[in-house]
Amino acid sequence: MTESIENSKQLSSSEAASYDAIIIGAGMAGMYQLYRLRELGLSVRVFETGGDIGGTWYWNRYPGARFDSESYSYGFSFSEELLQEWDWSEHFSPQPETLRYLNLVADKFDLRKDIQFNTRVASAIYDEFRNDWEVRTESGARARARFLITAVGPLSAHTMPSIEGLYSYEGESCHTARWPHHPVDFAGKRIGVIGTGATGVQVIQEVAKTAAHLTVFQRTPNFCAPLRNSTIDEETQRKIKASYPEIFQKCRDSHAGFMHIADPRSALEVSPEVREQFYEKLYGEPGFGIWMGNFSDIMIDERANATITEFVSRKIRERVDDPEIAEKLVPKNHGFGTRRVPMETNYYEVYNQDNVVLVDLLDTPIEKIIPKGIKTTDNEYELDMIVYATGFDAVTGSFDRIDIRGVNGEKLKDHWADGPQTYLGLQVVGFPNMLTLVGPHNAATFCNIPRCIEQNVEWATDLIRYMRDNGQERISPRQESEDEWTKHVYETAEFSLLTKVDSWFMGVNQNLPDKKPTFMAYLGGAPAYRAKCDEEAASGYKGFLLE
Ligand SMILES: Cc1cc2nc3c(=O)[nH]c(=O)nc-3n(C[C@H](O)[C@H](O)[C@H](O)COP(=O)(O)OP(=O)(O)OC[C@H]3O[C@@H](n4cnc5c(N)ncnc54)[C@H](O)[C@@H]3O)c2cc1C
C-alpha cells in the first residue's frame, strides 16, 4: 500500500494535496482516529468546520451544558498517563472543563498540526479509476486520500425550527449548538427558550437563575430525572484514578457503555413495595441509573414501563406547585425512557418561580416570530432574547449536508433514501474505503459515546493495518452483509419501546418535516456489537470484498 500511496501522491494534480487518509470532523472520534492512524505511520488530514478541536464540546457552550455520563467514564481510556494526569472536578463535568480536557489531549498528542480548522467539507467523491476519494472544501480546496473516514458527529447538524418570520426578529437570538464564545448575560432580560429536550432542560435551569423573565415554549414534554451532580473531593479523585480498569470494564460489560448495569429482574415480578423502594433508590442516585440500571424490561414491556412512568409522573406532580403546570410537564404521549432522558437538578422547581412561565405549544402553537418576540395563537410575547434549543438532524444529518458519492456516482443520500443501509454501521456497499465512525446503525449511537468511539476507531485502525500488511487496497461490504446487518438492526430494535415513539432515535425531528422517519441506532448492545466486529476481523473480514 505504501508504494501505491507514493504513486498516488505523484499522480495527484498540483491543486489536490494527497494523503493516506482524510478524516472529516475533529470531535472525539476524529481526534482519536487521527492519533491511531498517525501511530500506524499514515499521512492524515483532518478537516473541521469549527475553529478548534472538540466537536460537541466546542460548539455547545450554552450555560448549563454538561455530561450525563459520569466524567471519568467519558474520557479517553487509551493513555494511562492521560488518565492519571487529568482531574475531573465534578462527577458530571460542565462543558468548559470538558473542552479544557480535550485541549489537553490535543496538546499532549500534538494533534492540531494535522487538522485544518474553519474548513467545511462540501463533497467527497470516490474515484474508481484511482481508487481514492477526492474531498472538496466549501472554499474549493481539494485533497485526495485512499481512505475517507467520517467523524461528523451524531448530534452535530443543528436545526432551526421552521417558523414563519424567523429572521424578522430584532432582538438577540442563538441556537444552543452555535453559542457565542463570549459570555451571554441573561440578567434583567426577558428570555424565551424554544425546546425542552436534554439541552433545553439544561439551559432553562441556568436562564431562570438571573433572567428578569423566562418564557419556556414547550412542544413535547420529556421525562427528566435528577442528575445529582457533586464535586469530586481529593479522596474520591484518588480512588477514581486507582480504579480506571474496573470503571472501563464495567462500561464494557454494560449494554450501552455506561457505568450502570440493568437489573436482571422484571419490574412485574417484584411486589409493588419492593418496586417502589427500588425506584426511590434509583431516583436518589446520580446519573443514568434510573434509565440504564433499571429493571431489565422497562424498555421492552409496556406494562413494566407503565410502573416507572407512573413513578416519575408522580415525582413531577410532587415537585411542581401548580397542578395545572405540572400536568403540562408530564408527558402523555410516551413512557419514561422511551425518548432520551434529560437530566436535571432543579428543572421542575423552576416552574415554581415567579419569573418563569410555561407556554404549552400543544394548546397554543407558535404562529410566527415577530420583530419584538414570539406570537402564539393566543398571545404575543415580547422578548429581549430567543434561545433555540431545537436540536439536531440526528445521525444522518451531517452526512446529508455533504455531497458524498461512491461507485458510479451514486449519492450516499440516495443509498439511504429509505433509511440507512450499512454493514456494522461502519461501511456502505458502493462506497469503498469509507469508514463511518459513530454512523447510523452503529452501536455508538446508543452508547456512552467515547466508549464506543474507541471501539470504532480501534476496529477501523486494525482494518487499515490488515490491508496494508496484506497488500490490499480496496474494501467494500458484500451486499448480503449489508442486507443482513440492516435487517438485524431492525429486528433487534423491534422489541424496544424506543421504536414506538417519535424521537431522534427514530430520525424524527419536527423541524425537518421532509425527513423520512427510520431507526437510526443499534440496540443489540455494545458488547454484542463489539463481539460481531471482533468476529469479522478474526475471520479476515469475510463479510467484505477485499482487493
Ligand atoms: C449538549 C450535548 C451533551 C452531550 N452529552 C453526552 C454525554 O453526557 N454522554 C455521551 O455519551 N454523549 C453525549 N453527547 C453526545 C456527543 O455528541 C458525543 O458524546 C461525542 O462528543 C461525539 O463525538 P464525535 O466526534 O462523534 O462527534 P462531534 O463531537 O459532534 O464532532 C463532529 C465534528 O465534525 C465536524 N463536522 C461535521 N460535518 C463536517 C463537515 N462537512 N466538514 C468539516 N467538519 C465537519 C463538526 O463541526 C464537529 O466538530 C452530548 C451531545 C450534546 C450535543
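One-based numbering, in listed order, for ligands and for the atoms of each. Worth saying up front: this structure is predicted, and the values here are computed from it rather than measured.
Between F392 and ligand 1, not a single N/O pair is under 3.5 Å apart. Considering both main-chain and side-chain atoms, A29 comes within under 3.5 Å of ligand 1 through a nitrogen or oxygen pair.
Close approach of ligand 1 to Y62 is summarised as follows: ligand atoms under 4.0 Å from at least one heavy atom of the residue are 1 (C). Counting atoms of ligand 1 from 1 in the listed order, those under 4.0 Å from a heavy atom of R120 are 40 (C), 41 (N), 42 (N), 43 (C). Close approach of ligand 1 to S69 (heavy-atom distance below 4.0 Å) involves ligand atoms 7 (C), 8 (O), 9 (N), 10 (C), 11 (O). Near S156, meaning under 4.0 Å from any of its heavy atoms, are these atoms of ligand 1: 30 (O). Of all atoms in ligand 1, listed by their number and element, those nearer than 4.0 Å to a heavy atom of M28 are 25 (O). Those atoms of ligand 1 with a heavy atom of G27 less than 4.0 angstrom away are 25 (O), 29 (O), 31 (O). For ligand 1 and N448, the ligand atoms under 4.0 Å from any heavy atom of the residue are 11 (O). Annotation for ligand 1: atoms under 4.0 Å from non-hydrogen atoms of G153 are 26 (O), 27 (O), 28 (P), 30 (O), 32 (C).
For atom 14 (N) of ligand 1, no protein non-hydrogen atom is found at a distance below 4.0 Å.
Under 4.0 angstrom from ligand 1, the non-hydrogen atoms of I24 all belong to its side chain. Contact annotation for F258 and ligand 1: no heavy atom of the residue comes within less than 4.0 Å of the ligand. Looking at V438 against ligand 1, only its side chain comes within 4.0 Å, counting heavy atoms. Using a 4.0 Å cut-off between heavy atoms, I402 contacts ligand 1 through its side chain alone, with no backbone atom that close. The proximity of W59 to ligand 1, defined as any non-hydrogen pair under 4.0 Å, is limited to the side chain.
Looking at atom 37 (C) of ligand 1, its nearest protein heavy atom turns out to be V152 O, 3.5 Å. Residue, atom and distance of the protein heavy atom nearest to atom 21 (O) of ligand 1 are Y74 OH, 3.1 Å. Taking atom 35 (C) of ligand 1 as the reference point, the nearest protein heavy-atom neighbour is E48 OE1, 3.3 Å. Among all protein heavy atoms, the one lying closest to atom 39 (C) of ligand 1 is T49 OG1, 3.6 Å. The nearest protein atom to atom 17 (O) of ligand 1, hydrogens excluded, is given as T56 OG1, 2.7 Å; this is a heavy-atom distance. The shortest contact between atom 6 (C) of ligand 1 and any protein heavy atom is with W57 CZ2, 4.1 Å. Among protein heavy atoms, atom 8 (O) of ligand 1 sits closest to D68 N, 2.7 Å. Scanning the protein for heavy atoms near atom 11 (O) of ligand 1, the closest one is I449 N, 2.8 Å.
Between M299 and W291, some side-chain heavy-atom pair lies under the 4.5 Å cut-off.
By the 30° and 60° cut-offs, the orientation of the rings of F109 relative to F78 is tilted. The aromatic rings of Y347 and Y351 sit perpendicular to each other, their planes meeting at more than 60°, with 30° as the lower class boundary. Aromatic ring pairs are classed by plane angle as parallel below 30°, tilted from 30° to 60° and perpendicular above 60°; the pair Y126 and W133 is tilted.
A donor-acceptor contact closer than 3.5 angstrom links the side chains of E482 and H415. Side-chain atoms of E48 and T119 form no donor-acceptor pair, as typed in the model, at a separation below 3.5 Å.
To the nearest 0.5 Å, atoms CD1 (I240) and CG (L83) are separated by 11.5 Å. Expressed to the nearest 0.5 Å, how far CZ of R178 lies from OH of Y388 amounts to 15.5 Å. Separating the CD atom in E454 from the OH atom in Y32 is a distance of 5.0 Å, to the nearest 0.5 Å.
Note on ligand 1: T119 sits in its first shell, one or more heavy atoms being nearer than 4.0 Å. Ligand 1 lies within reach of C447, whose nearest heavy atom is under 4.0 Å from it. Within the 4.0 Å heavy-atom cutoff, L437 does not count among the residues contacting ligand 1.
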Which donor-acceptor pairs under 3.5 Å do side chains of residues 393-400 form with protein atoms, sequence neighbours excluded?
from: D393; atom 1: OD1; to: K515; atom 2: NZ; distance (Å): 2.4
from: T396; atom 1: OG1; to: K515; atom 2: NZ; distance (Å): 3.0
from: S398; atom 1: OG; to: V152; atom 2: O; distance (Å): 3.3
from: S398; atom 1: OG; to: S156; atom 2: OG; distance (Å): 2.8

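Judged by distance alone, the side chain of T422 and the main-chain N or O of H441 form no donor-acceptor pair under 3.5 Å. Within the 3.5 Å criterion, the main-chain N or O of L498 finds a donor-acceptor partner in the side chain of S496. A side-chain donor-acceptor contact under 3.5 Å links D20 to the backbone of S43.
Under a 4.0 Å N-O distance rule, the pair D68/R340 qualifies as a salt bridge.
Proximity annotation for atom 32 (C) of ligand 1: of S73, A151, G391, G55, A151 comes nearest, heavy atoms only.
Between W88 and the options Y74, F67, Y72, a ring-ring contact (aromatic ring centres under 6.0 Å, His included) holds for only F67.
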Query raised in the report: Do E285 and K281 pass the salt bridge (Lys or Arg N to Asp or Glu O under 4.0 Å) test, and can you show the C-alpha distance, the side-chain angles, and the key distance before you say yes or no?
Result: CA-CA 6 Å; E285 286 174 352; K281 175 178 157 301; 3.2 Å; yes
